[in-house]
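Inspection log for the structure reproduced underneath, given as structure tokens.
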Amino acid sequence: MRQSRTFIPTLREVPADAEVKSHKLLLRAGFIRQNASGIYSYLPLARKVMRHVEQIVREEMDAVYGQELLMPALQLSDLWKESGRWDGYGPELMRMRDRHDREFALGPTHEEVITTLIRDELNSYKKLPITLYQIQTKFRDEKRPRFGLLRGREFIMKDAYSFHASSASLDETYQAMYEAYKRIFTRCGLDFRPVIADSGEMGGKDTHEFMALSEVGEDTICFSSEGEYAANIEMAEVNTTYSRPDDVAKTPLQLVQGEPGQDLHAFATAQNVTVEQTVYGEAWLVDGKPVLLLLRGDHELNDVKLKLLFPDVARRPLTDQEVQDTFGVKRSFVGPLELPEEVQVFADLAVGGVADGVTLCNQASQFAVHFEPMRDCKIEQYADIRFVKEGDPSPNGMGTISFAKGIEVGQVFKLGTRYSETMNAVFLDENGRTQPLLMGCYGIGISRVVSAIAEQYADENGLVWPKQVAPYQVHLLCLNIKQEAQKALAEELHDVFTKAGIDVLYDDRPERAGVKFADSDLIGLPLRITVGKKAEQAIVEWKERATGDAKEVAVHELLGEVQQFLSPTGRG
Ligand code: 9G3
């Protein structure tokens, strides 16, 4: 392809609101342009990368018996009312009305649509299992779109859905998808980890997320220092037992007046008490009743774990006003002592190890010292309700936990009958009995993968593309297009590469060498071949983008070396 004919609007400077390097570079290198917050055009270079990612996804989906279809983005609100999700989602679900004033959702995902399709078209176990997938634009009105394609309001997703007569069959497809995802992300060149994840309010149980490691990732992953354990921090259990140290004397509880405006942490510091001896409370509404959740001062409440402590009931934090009404003080003075008796108290396991502690008593600027949780308050139950911390013993019993940040690029879910029951998608089993279909769903953020690759590979000079997904495989530069020998050789190489089926971008622009080198580093194609002063000696310069390795190559050896470099086992 002649670069003089392409649309690659590179920029010298980057808009200030681009914070992460993939966002800055995709803008500067002319891959994307923003149309509105979280809404982008994929310019030709980005579209080519996405097409390569999509091709890898299609090959691996087809290899596990996935069949590609394409569902509408416009989804009748009736479907979402049937599944019970129309009211559950707030402004994130983009809604519109058609000319007949009928309400639609702009599809953020397609469980309702695919379940309706299968409900209407399939009803015998003989037709099961079946896996359907699409690659399609999704709409989610994110509150804070950010980081370019990493968190957009309109993005490209591969979403697959499987249907089964038995949980054994669902398990089999889930496992096959899990392995297919490992192949996909490996082929895309991503450094990724599958992690145990939370199935969210979506119902269903098993869930794994595939995380591309990156410090700009929004998710925190917990790894054990030994063995394979990896989990989204929401799911990482605490593997520590706590007991009150018996060498600490029990002293009578004492209420103490603090300085005005002093919070628990400041008071404890003033009393020379460590944060591990402080206990604070989080006020929640669980099944309509106020509940106080006690945690040690150095721990944070993990609300995903509350699903295990309070299963199948509505639960949410109390609002500031509700805190004031229930406890008579503002949040920072809410504690386990002098409680209204309708408030039940639950505690994180670590509170059981507190001795001679400091806590709060629902009086402004009042604190309690020599607090003994077991003695001084009625705790309904101790449970693991905190986030794990780095250094905690690993849940797999091997080594300790360390954290890393990840970008969620894929997720696989077992949905069970969450949608088939509410939408009455049933099948006749081999005994002629009507049963709800079992479902799985499997997503990959195609546009997000492009950004994640850019994040992992980019360097200070620009983007760097692994050869499997690069928009072109070779960047052919002619340094002086007016110099006859250089032009002739460059044209010949463009022709030879093209005939050999190599995707080549030929920079034939009448630009200075410096501009061509800078743009080439910015765009980040895997291999650069430069035709310059030694053209007349039939020698070109070879430079590999990822490693910077450079050498001179005689033209008659060039095609062979390029093909070797680009081959699956090649260095590229
Ligand atoms: C919504 C909105 C946002 C959403 C959802 C629904 C996430 C929603 C979860 C999934 C689960 C899987 C199939 C492919 C893989 C992921 N954000 N999810 O259901 F209405 Cl506004 O999408 N779906």
Side-chain angles (χ1 to χ4, degrees), residues 38-39 54 57 60-61 64 66 68-96 103-118 131-145 150-163 170 173-174 177-178 180-181 184-185 194-195 197-211 218-219 232 234 304 407-416 418-420 422-423 438-449:
I39 297 170
E54 288 168 8
V57 167
E60 297 297 344
M61 284 296 105
V64 291
E68 185 170 6
L69 84 170
L70 184 62
M71 291 180 268
L74 289 171
Q75 303 183 10
L76 263 180
S77 58
D78 312 39
L79 302 185
W80 285 70
K81 287 170 183 165
E82 264 190 75
S83 71
R85 297 211 289 175
W86 183 252
D87 298 325
Y89 281 92
E92 191 188 356
L93 179 59
M94 300 190 88
R95 306 161 204 248
M96 59 164 285
E103 272 195 306
F104 286 82
L106 275 173
T109 183
H110 281 68
E111 280 81 4
E112 282 78 2
V113 178
I114 194 77
T115 303
T116 306
L117 175 69
I118 295 299
T131 299
L132 297 163
Y133 75 93
Q134 63 176 350
I135 297 179
Q136 195 227 34
T137 301
K138 293 285 184 283
F139 301 87
R140 294 179 185 177
D141 200 352
E142 296 284 349
K143 196 169 184 179
R144 266 184 305 287
L150 287 181
R151 180 169 289 283
R153 293 197 289 165
E154 179 178 333
F155 54 95
I156 309 289
M157 181 197 276
K158 183 282 299 175
D159 44 326
Y161 304 87
S162 63
F163 297 86
L170 169 56
T173 298
Y174 185 91
M177 282 288 184
Y178 183 93
Y181 273 43
I184 288 167
F185 296 122
V195 302
D198 167 45
S199 58
E201 295 306 330
M202 272 184 21
K205 42 192 188 319
D206 283 4
T207 293
H208 284 82
E209 286 163 349
F210 288 77
M211 296 288 186
E218 292 181 344
D219 289 276
N232 190 312
E234 296 169 338
V304 167
I407 299 167
E408 180 186 336
V409 288
Q411 63 276 91
V412 289
F413 292 86
K414 284 180 190 167
L415 291 172
R418 160 66 189 94
Y419 292 93
S420 52
T422 49
M423 303 186 80
L438 287 165
M439 289 173 61
C441 66
Y442 320 89
I444 291 180
I446 301 287
S447 40
R448 187 177 268 184
V449 164

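First listed ligand is number 1; within each ligand, the first listed atom is number 1. Position 1 is the first residue of the sequence, and the numbers go up from there.
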Open item on the list: Given 3.5 Å as the limit, does a donor-acceptor pair link the side chain of Ser77 with the main chain of Glu103, or not?
Closed with: yes
TODO: Applying side chain to side chain donor-acceptor pair (under 3.5 Å), run through Tyr442 and Ser162 and close with a yes or a no.
DONE: CA-CA 8 Å; Tyr442 320 89; Ser162 63; 2.6 Å; yes
Open item on the list: Can you confirm whether or not the ring centre of Tyr178 sits under 6.0 Å from the ring centre of Phe210?
Closed with: yes
Open item on the list: Checking the N or O distance criterion of under 3.5 Å, is ligand 1 in contact with Arg140?
Closed with: yes
Task: Met94 contact mode with ligand 1 (heavy-atom cut-off under 4.0 Å) - done: neither
Task: Under-4.0 Å heavy-atom contact with ligand 1, by part of Arg85 that carries it - done: side chain
TODO: Report the C-alpha distance between Arg144 and Glu218 in whole Å, list the side-chain angles of each, state the deciding distance to 0.1 Å, and finish with yes or no for salt bridge (Lys or Arg N to Asp or Glu O under 4.0 Å).
DONE: CA-CA 12 Å; Arg144 266 184 305 287; Glu218 292 181 344; over 6 Å; no
- [ ] Report yes if some N/O of Asp159 lies less than 3.5 Å from some N/O of ligand 1; otherwise report no.
- [x] no
- [ ] Check for a donor-acceptor pair, side chain of Thr422 on one end and backbone N or O of Tyr419 on the other, with a separation under 3.5 Å.
- [x] yes
- [ ] Using a 4.0 Å heavy-atom threshold (strictly under), name the region of Glu92 that reaches ligand 1: side chain, backbone, both or neither.
- [x] both
Task: For ligand 1, the portion of Leu93 having any non-hydrogen atom under 4.0 Å away - done: both
- [ ] May I ask you to check whether Arg95 and Tyr89 show a side-chain donor-acceptor distance below 3.5 Å?
- [x] no
Open item on the list: Heavy-atom pairs closer than 4.0 Å: do any link ligand 1 to the side chain of Trp80, the backbone, both, or neither?
Closed with: side chain
